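Reading through the C-alpha cells given below for one structure.
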Amino acid sequence: MPDARVRTRFAPSPTGALHFGSVRTALFAWLTARHAGGDFILRIEDTDQERYIPGSEALILETLSWLGLNWDEGPEVGGPHDPYIQSLRIATYREHAEKLVDGGHAYWCTCTPARLAAMREAQRARSEPTRYDRRCLTRQADVTQEREGGMAAVVRLRMPDGVSDWDDVVRGRVSFANSDIDDQVLLKSDGFPTYHLAVVVDDHLMEISHVIRSDEWIPSTPKHLALYAAFGWDVPRFAHVPAVLGPDHQKLSKRRGARNVLEYGELGYLPSAIVNCIALLGWSSGDEQEVFALEELCQRFTLERVNPAAAIFDPKRLDDLNGIHIRRMSTDELVEALEFHLPGTSKETRRMLVPMLRERMVTLADATRLCAPLLGEVKLDLSIEFPPKKVDQATAVAMIDACIEAVEEGALEDHDAMLERLRAVAERSGVKSRDAFRVLYIAILGTPAGLPVIEAMEFLGKEKTLQRLREARARLG
RNA sequence: GCCCGCAUCGUCUAGCGGUUAGGACACCACCCUUUCAAGGUGGUAACCGGGGUUCGACUCCCCGUGCGGGUACCA
C-alpha cells in the first residue's frame, strides 16, 4: 500500500437491526480508523433485493449514532465517493464485470439452478468439493447465442490456479488451494452484483486500507484476492474478527433472537457501557485496565491485540460495566439521562434523587423502581413481615415513635443528629441498629431495602413523612 | 461430503520456552454500613487429549477431539 492513510468501513446489509456481533465489527473498524486518525466510511450493501427489510437502514444509522460511532463518509453525510448505497451503484459493478469478461478473468454462464444443484449433488457423492464445473466456459459461443435469445445469464469469476494466501491482521497467514474454490457468480441474472464483486469494487474505489469484517468471510477472501489481481489493484489489509456467540454457544443472529442493540438503550444501558463491554469481547489492552471511555479506546485499540477466538457475550459483564459507567457520570449527566426513566419529574426533583440513586443502579431503568415510593404512594405489601425479623413489637414502636418525635422537632435538617437519635433508641432496646432501622424502611418505602431512609424522608418532606410513620405506627397497634 | 478457522478458570481474557499461570465478571466469606447497594479484603476455579521438538513446554510442530464458519444468482 503506497498510500498510508487508514480508511476503514462498516458495510452492513439492510436486513434488520444491529446486534452485538455486527456492532462489535463496526466498533473495531471505527476504532481502527480513529486510532490512526484516518477515515471511517459507512456503506450500505443492499444488493440482495429479496432480503431487504424496509426501515433497517434507518435503524442502522440510528444505532451507530447512538453509540457515538460517527462516520466521515456515507449515507446522510455524503463524501467524495458518493453514493454509499450499493443499489445506487449498479452501473459501476456492471462495467467492472464486463471489463473482467473482456480480460478473460470472468465468463458468462447460462446454467440453470436445477443443473447446478444436480452437479453439486454428484460432486458430493464423489467426495469432491462442490464447485462449478465450467461447462459454460467451454461453450462460450453457444452461451452468447443463448443470451441473445433472452436466456437468463450470470457472470462468473474464472478462479485462477494456484494458492491464495494473505497475512490476516488478527490471524496471521491464511491460505487456500484455489482448486477448492468455486467460480463465484459476480453478476446475478437480475443485473445486481453479488457481494463479492461489489465489495471488492467499492473497497478499491473508496480507497479502503483495512477490510475489517467478521470471520465468516474467511472462505471467500480467496475470491476477493483473485478479483483484486484480475483488476490489477493493490490489495488492502484484511482483518477477520471472530464471531460473537450467544449463551447457547451459537453465533448471534437475528433469527435466533439476538437483541437489537437499541433495545438495550430502552432498558437503561448506556452507550458507553455497551461499547466498553463489546470492545472487551475479543480485545484486551494488555495491561489490567478493563473500564474504558470511548476516547480511551480510540487511543488504546489496535487490531493486533484482537483475540482470534470466538467469544460468548455475558450479560452479567454488561450489567457490571453499566453500573460502573453510571457511577462515573456527573450529577448533571444523570439528571439528563434519567428523564426517560423518571417521567414527569422536574430537573430539580431528579437532582435531589441522583445522590440516592447513583450507587444503586445497574441500569437507568432501576431508577423507576427505586424511586416509586418517593414519587407515588407507598405500596402496602402484606407479604413483608412487619415488624421485621429480629425486631420485637416494643422496639418497632419505639423506633417509629422516636422518629415521629424527631421529625416533628425538625430533625430532618440534620441527618447526623437524626441518625444518632434513632441509633440510641435501637441500642436501648438491645436490637442491632441494622435490624431496628428496617422498621423505618418499611414504614417509609414499603420495603426493607431501598433508597437511604433519612434522605428519603427529607425528600418526602415533613408532612408526608409523618403521615407514613403514623400509618405504620397504627399497623403496629 | 469438501474446505477453512478456533481451543487458558462457568464467562471475558493476560501469557508470546523457564511464572506460585495474572486480572475482570459471576459465586462464597469477612469488613464497612441507616436498609439495599457501592466500596474494601480474602477465597473457590483453568492451560481439550496424544505424540513429537527442546535441558525445559500453556507457549513451537504433527495427529486426534470438540466447537464455530463456509460450501448460493444471501450477505
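Scope of the values below: all heavy atoms of this structure, side chains included, with no hydrogens, waters or symmetry mates. Note that this is a predicted model, so its numbers are computed, not measured.
- Proximity of A:Cys403 to A:Met457: side-chain heavy atoms (C-beta onward) are separated by under 4.5 Å at one or more points.
- In a base pair of the Watson-Crick type (N1 to N3 plus N6-O4 or O6-N4) or a G-U wobble (N1-O2 and O6-N3), with each distance short of 3.5 Å, B:C58 is matched with no nucleotide.
- Residue A:Arg305 has its side chain nearest to B:G15 when only B:C74, B:U71, B:G15 are considered.
- Residues from residues 12-21 of chain A placing a heavy atom under 4.0 Å of any atom in RNA chain B, listed by number, are A:Ser13.
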Decide yes or no on side-chain hydrogen bond (donor to acceptor under 3.5 Å, both in side chains) for A:Arg213 and A:His240, but give the supporting numbers first.
CA-CA 5 Å; A:Arg213 56 180 21 163; A:His240 288 96; 3.2 Å; yes
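- Contacts of residues 215-225 of chain A with RNA chain B (heavy atom under 4.0 Å): A:Glu216, A:Trp217, A:Ile218, A:Pro219.
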Its contact letters, B for base, S for sugar-phosphate only and - for none at protein heavy atoms under 4.0 Å, make nucleotides 35-43 of chain B read BBBSS----
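- A:Asp401 has a carboxylate O that lies under 4.0 Å from a charged side-chain N of A:Arg473, or vice versa, which qualifies the two as a salt bridge.
- A:Pro193 comes within 4.0 angstrom of sugar-phosphate atoms only, judged by non-hydrogen atoms across all strands, and of no base.
- At a threshold of 4.0 angstrom between heavy atoms, the contacts of A:Gln123 with the nucleic acid are absent.
- Among the protein residues, A:Arg156 comes within range of the sugar-phosphate backbone only, with heavy atoms under 4.0 Å from sugar or phosphate atoms but none that close to a base.
- Within the cation-pi definition used here (under 6.0 Å to the ring centroid, within 45° of the axis), A:Arg156 qualifies as a partner of A:Tyr132.
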What's touching nucleotides 10-12 of chain B from the protein side, N or O pairs under 3.5 Å?
{"residue": "B:C12", "atom": "OP1", "partner": "A:Ile312", "partner atom": "N", "Å": "3.0"}
{"residue": "B:C12", "atom": "O2'", "partner": "A:Leu280", "partner atom": "O", "Å": "2.7"}

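- Within a 6.0 Å radius of CD in A:Gln289, other residues, nucleotides and ligands contribute more than 12 heavy atoms.
- Base contact: A:Thr130 has a heavy atom under 4.0 Å from a base atom.
- Residue A:Lys251 places none of its side-chain N or O atoms closer than 4.0 Å to OP1 or OP2 of B:G70.
- Centroid-to-centroid, the aromatic rings of A:Trp283 and A:Phe28 stay 6.0 Å apart or farther.
- Close placement of the A:Trp217 and A:Tyr195 rings is indicated, their centers lying within 6.0 Å of each other.
- Taking atom C1' on both B:U13 and B:U59, the two are 16 Å apart, rounded to the nearest angstrom.
- Across all strands shown, B:G40 is found opposite B:C30 as a Watson-Crick or G-U wobble partner, with both distances under 3.5 Å.
- No contact: A:Arg126 has no heavy atom under 4.0 Å from any strand.
- Closest to the side chain of A:Ala309, from the set B:C74, B:C3, B:C6, is B:C6.
- Here A:Cys111 lies in heavy-atom contact (under 4.0 Å) with a base.
- Residue A:Leu334 forms a side-chain contact (heavy atoms from CB on, under 4.5 Å) with just one option from A:Ile326, A:Leu357, A:Leu353, and that option is A:Ile326.
- The pair A:Asp215-A:Arg171 counts as a salt bridge, with a side-chain nitrogen and a carboxylate oxygen less than 4.0 angstrom apart.
- Residue A:Asn307 places at least one side-chain N or O under 4.0 Å from the OP1 or OP2 atom of B:A14.
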Pairwise N/O distances under 3.5 Å, protein to nucleotides 29-31 of chain B:
none

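- Every pair passing side-chain hydrogen bond (donor to acceptor under 3.5 Å, both in side chains) that includes a residue from residues 116-127 of chain A is listed here, sequence neighbours excluded: A:Arg126-A:Glu128.
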